[in-house]
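I'd like to ask some things about the structure below.
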Amino acid sequence: MAGLTTAAVAVAGVGILRSNDSDDDKVLAASTLPGVTEPTHSTLAPFKDPLRIPPTLRPGSKGITEIDLVETRLRLHSQMPATRLWTYKGHFPGPTIEARRGETFRIAWNNRLSGTTPVKAVWVHGEGPGPGLLPYNRPGTQGSYPRPEIDKLTAWTTVHLHGGHQNALNDGAAEYGIGPGSTQLAEYANDQAATHLFYHDHAMAVTALNVAAGLIGNYIVRDKEESRLDLPSGDYEIPLTIQDVNFDTDAKGRLNGQVAFKRIIGGPGAPEPGTLPPALSTLAPFTMVNGVVWPHLDVEARAYRFRAVNTSDSRIYRLVVVDEETGKAVPGAMKLIGTDMGLLGKPQTIEEAISLSPAERADIVIDFAAFPGKRLKLVNTIPGQRPGAALPDFAIPFAEVMQFRVGKKRHSPTHIPATLSSSFRKLKASDVPSNATERFVMTAFDRTGGMPQLWEMQEVASDTPSKDGIVQIEMAGRTRTLRRTAAMFEDTTTFFAAAGTWEKWHFISAGPAELPIYHPMHIHLMNFQVIDRRAVDGSGLDVSAGRTKKPLTLGAPMPVAPEESGWKDTITVTANSLVTVAGRLADQTGKVMYHCHILSHEDEGMMRPFVIMPPAIHEIHAMTMGMNGAMGHKKGMDPDMKM
């Protein structure tokens with residue numbers, strides 16, 4: 001099949017860095033973005049370089065499409081030397097794979113990587129002496145502690161199609177990594193409605209590092225319903241892969257282009273050799289879009305469709321469109337037409353911002369017809385602050401994400417249909433079948449105050465004695481008593497499910513009020529909607545003992561943001577809150593996972609397996625084990641109920 005190369009070209013009069021198909025299969029070279037070859041700058045200028053757009057790859061429905069994982073060097077900003085990366089087919093992000101609904105195809109992911117990781121990983125304290133940027137938001141690795149176990153890391157990879165419906169053998173399970181010279185074969189059913197998925201490495205313990213090294217790419221599913229809408233397409237439909245990043249520096253403080261991965265640790269002094277210290281997430285000062293730091297995009301004065309995804313380790317993006325001339329936000333500039341798993345029923349005008357946690361997606365239309373000759377920019381803010389306000393030190397020092405340079409020739413405004421997906425319906429609690437399997441998952445800190453944990457819970461009798469692992473919570477006028485059954489990936493599997501049936505999951509966050517931590521929770525093979533979101537009074541939780549002294553209580557219902565109002569596969573659980581989601585499991589089966597999508601959290605324990613079986617097998621298994629209740633088995637499930 002044709003290989004892929006890249007050239008800087010003008011497409012429909014729009015200046016971008018766009019990839020084209022080619023007959024040869026050479027990987028990208030640093031020259032695709034001209035610039036320096038040696039370190040020269042200690043800071044980077046925003047909006048200096050054009051947005052890079054990855055090529056589109058349409059696998060055939062017959063045979064196997066080969067995608068090589070290869071090392072290459074790409075310039076991520078023209079004021080920096082090229083960066084050594086691990087990539088899919090030489091592109092960062094990888095090729096945008098495009099499929100039609102119902103078109104099954106197979107991909108051979110060939111690990112052709114060699115050598116050790118291109119990422120320089122270090123430990124860094126969360127606070128530093130004196131004013132200025134905090135250490136994790138400061139370029140370079142001065143004052144950090146080395147991680148020799150990472151320096152010798154070689155390529156162990158497994159590709160996961162996030163949000164896709166595929167049997168467990170094809171799902172890129174974390175423990176099924178392969179080394180250089182081996183191939184991962186995967187079959188993708190593409191049996192879902194039009195949506196924006198993405199693929200990334202998911203290898204046990206090193207997902208965060210492999211993604212930081214460049215192993216990320218977009219995946220688009222098309223269908224007839226979407227095609228009839230006449231939405232912006234072709235050159236006017238653009239993926240925006242948003243990811244924060246840091247770089248190492250030379251002895252003179254000049255950026256050398258090497259990706260620096262700085263994990264935040266607490267406490268004084270260096271970590272003990274051979275130990276994993278209690279650590280927080282990874283935050284970084286620069287924002288890349290499609291592998292270019294703070295790029296610009298020349299756009300015509302007409303409508304564009306942007307498929308945005310946050311692929312950062314930990315960073316939440318709260319995206320606002322700003323007029324550069326006035327410095328003010330442009331209300332209503334963004335029209336939201338879809339969420340993680342597909343189109344909404346109707347477009348929603350965004351009056352201010354769209355928030356995306358790691359792994360969340362937003363399908364956005366911006367009509368630049370109203371802004372001929374303007375320069376707009378997409379910026380990141382934090383809740384409660386306006387563009388232009390001073391950001392605190394824990395935020396990105398430069399709020400810029402990217403710039404839009406609008407052409408002067410105005411085109412007619414684009415009409416977005418009032419109805420997008422006629423099959424979409426917003427779920428209410430009363431819409432969830434009464435026989436849906438109910439599950440409880442709790443996020444908590446361990447009793448030493450280290451990494452957050454994922455507690456798998458099972459409801460037990462209300463008179464169960466209080467002890468380690470027993471949590472009570474007031475829900476719907478009654479006290480629910482929960483017992484912790486697992487807290488590590490390696491613990492015994494306790495969640496078993498029947499394919500094609502409805503599930504209702506409660507994610508409960510409780511902990512000290514001074515730790516405002518969040519967790520974007522992702523469930524494999526399940527499309528869901530938010531049914532309820534409430535504040536949690538966690539004062540009854542004894543963190544040191546791992547149990548409640550008095551039941552947790554819930555506040556009034558909290559609003560669901562537009563970007564959370566559609567079908568999802570990842571939902572953000574903020575500190576001291578409860579989020580209830582419901583949906584129908586896919587028809588595919590096997591042992592898959594659910595986890596926090598802060599990549600360093602899932603690497604270090606916030607991930608659990610669960611097993612999906614055909615309904616008849618699930619019933620037999622439950623009978624055999626004699627654990628009908630513990631497995632969440634419900635008689636009378638309707639496997640034919642559609643979403």
*List for me each residue that meets ring pair (Phe, Tyr, Trp, His ring centres under 6.0 Å) alongside His597, sequence neighbours excluded, and say none if there are none.*
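Here the qualifying residues are His162, His200, His522, His595.
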
_Atom pair CG/CD1 of Leu161 and Ile97 - distance to nearest 0.5 Å_ =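 Interatomic distance, Leu161 CG to Ile97 CD1, rounded to 0.5 Å: 7.5 Å.
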
*Which pairs with one or both residues in residues 354-373 pass salt bridge (Lys or Arg N to Asp or Glu O under 4.0 Å), sequence neighbours excluded?*
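Only Arg305-Asp363, Arg307-Asp363, Glu360-Lys568, Arg361-Asp569 qualify under salt bridge (Lys or Arg N to Asp or Glu O under 4.0 Å).
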
*Can Glu300 and Tyr236 be said to form a side chain to side chain contact (heavy atoms under 4.5 Å, CB included), step by step?*
CA-CA 9 Å; Glu300 297 176 32; Tyr236 306 103; 2.9 Å; yes

*Check the pair Leu240, Ile364 against side chain to side chain contact (heavy atoms under 4.5 Å, CB included), reporting the backbone distance first and the verdict last.*
CA-CA 10 Å; Leu240 300 180; Ile364 303 165; over 6 Å; no

*asked:* Working note: Thr282 + Tyr136, criterion side chain to side chain contact (heavy atoms under 4.5 Å, CB included); need CA distance, chi angles, decisive distance, verdict.
replied: CA-CA 8 Å; Thr282 296; Tyr136 52 81; over 6 Å; no

*asked:* Using modelled atom types and a 3.5 Å cut-off, is there a donor and acceptor pairing between side-chain atoms of Lys252 and backbone atoms of Pro39?
replied: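 Checking the backbone N and O of Pro39 against the side chain of Lys252, no donor-acceptor pair under 3.5 Å is found.
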
*Looking at residues at least two apart in the chain, or sitting in another chain, which of them share a side-chain hydrogen bond (donor to acceptor under 3.5 Å, both in side chains) with Ser422?*
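Residues passing side-chain hydrogen bond (donor to acceptor under 3.5 Å, both in side chains) with Ser422: Glu225.
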
*Tell me, which pairs form a salt bridge (Lys or Arg N to Asp or Glu O under 4.0 Å) where one or both residues lie in residues 404-419, sequence neighbours left out?*
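Qualifying pairs, neighbours excluded: none.
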
_Lys426: partners by side chain to side chain contact (heavy atoms under 4.5 Å, CB included), with sequence neighbours left out_ =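 Side chain to side chain contact (heavy atoms under 4.5 Å, CB included) list for Lys426, sorted by chain: Phe424, Gln529, Ser565.
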
*Mind checking what makes salt bridge (charged side-chain N to carboxylate O under 4.0 Å, His left out) contact with Arg533, not counting sequence neighbours?*
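With neighbours one apart ignored, the set is Glu564.
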
*asked:* What I'd like to find out is whether the side chain of Pro50 reaches to under 4.5 Å of the side chain of Asp298, using heavy atoms alone.
replied: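 Sidechains of Asp298 and Pro50: no contact.
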
Listing, residues 370-379 side-chain donor-acceptor contacts under 3.5 Å, not counting sequence neighbours, or none:
unit_1 : atom_1 : unit_2 : atom_2 : d
Lys374 : NZ     : Asp323 : OD2    : 3.1

*asked:* Is it the case that the side chains of Thr157 and Asn210 hold a donor-acceptor pair, with the cut-off being a distance below 3.5 Å and no angle test?
replied: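 No, because no side-chain N or O of Asn210 sits under 3.5 Å from a partner of the opposite role on Thr157.
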
*So how far is it from Gln243 CD to Ile216 CD1, rounded to the nearest 0.5 Å?*
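Answer rounded to 0.5 Å: 6.5 Å.
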
_Any Tyr188 side-chain heavy atom under 4.5 Å of Pro59 side chain_ =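 They are not in contact (no side-chain heavy atoms under 4.5 Å apart), so the answer is no.
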
_Pairing residues for Phe261 by the ring pair (Phe, Tyr, Trp, His ring centres under 6.0 Å) criterion, not counting sequence neighbours_ =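 Residues passing ring pair (Phe, Tyr, Trp, His ring centres under 6.0 Å) with Phe261: none at all.
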
*Pairs in or reaching into residues 280-289: which pass salt bridge (Lys or Arg N to Asp or Glu O under 4.0 Å), with residues at least two apart or in two chains?*
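Output for this query is empty, none listed.
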
*asked:* With heavy-atom distances below 4.5 Å as the criterion, would you say the side chains of Leu343 and Leu229 are in contact?
replied: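 In contact.
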
_salt bridge (charged side-chain N to carboxylate O under 4.0 Å, His left out) involving Asp49 - partner list, sequence neighbours excluded_ =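 Partners of Asp49 under the salt bridge (charged side-chain N to carboxylate O under 4.0 Å, His left out) test: none.
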
*asked:* With a 3.5 Å distance limit and no angle check, can you tell me whether Arg58 reaches the backbone of Arg100 through a side-chain donor-acceptor pair?
replied: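 Here the side-chain-to-backbone pair does not exist.
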
*asked:* Per the ring-ring contact (aromatic ring centres under 6.0 Å, His included) rule, what does the pair list look like for residues 345-370, sequence neighbours excluded?
replied: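 Qualifying pairs: Tyr304-Phe368, Phe368-Phe404.
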
*Between Asp250 and Asn256, does any side-chain donor sit less than 3.5 Å from a side-chain acceptor?*
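On atom types as modelled, these side chains do not qualify, holding no pair under 3.5 Å.
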
*With Trp109, which residues qualify under ring pair (Phe, Tyr, Trp, His ring centres under 6.0 Å), at least two apart?*
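Here the qualifying residues are Tyr88, Tyr199.
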
*Quick one: pull up CD1 in Ile53 and OG1 in Thr241 and give me the separation to the nearest 0.5 Å.*
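The CD1 atom of Ile53 sits 10.5 Å away from the OG1 atom of Thr241.
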
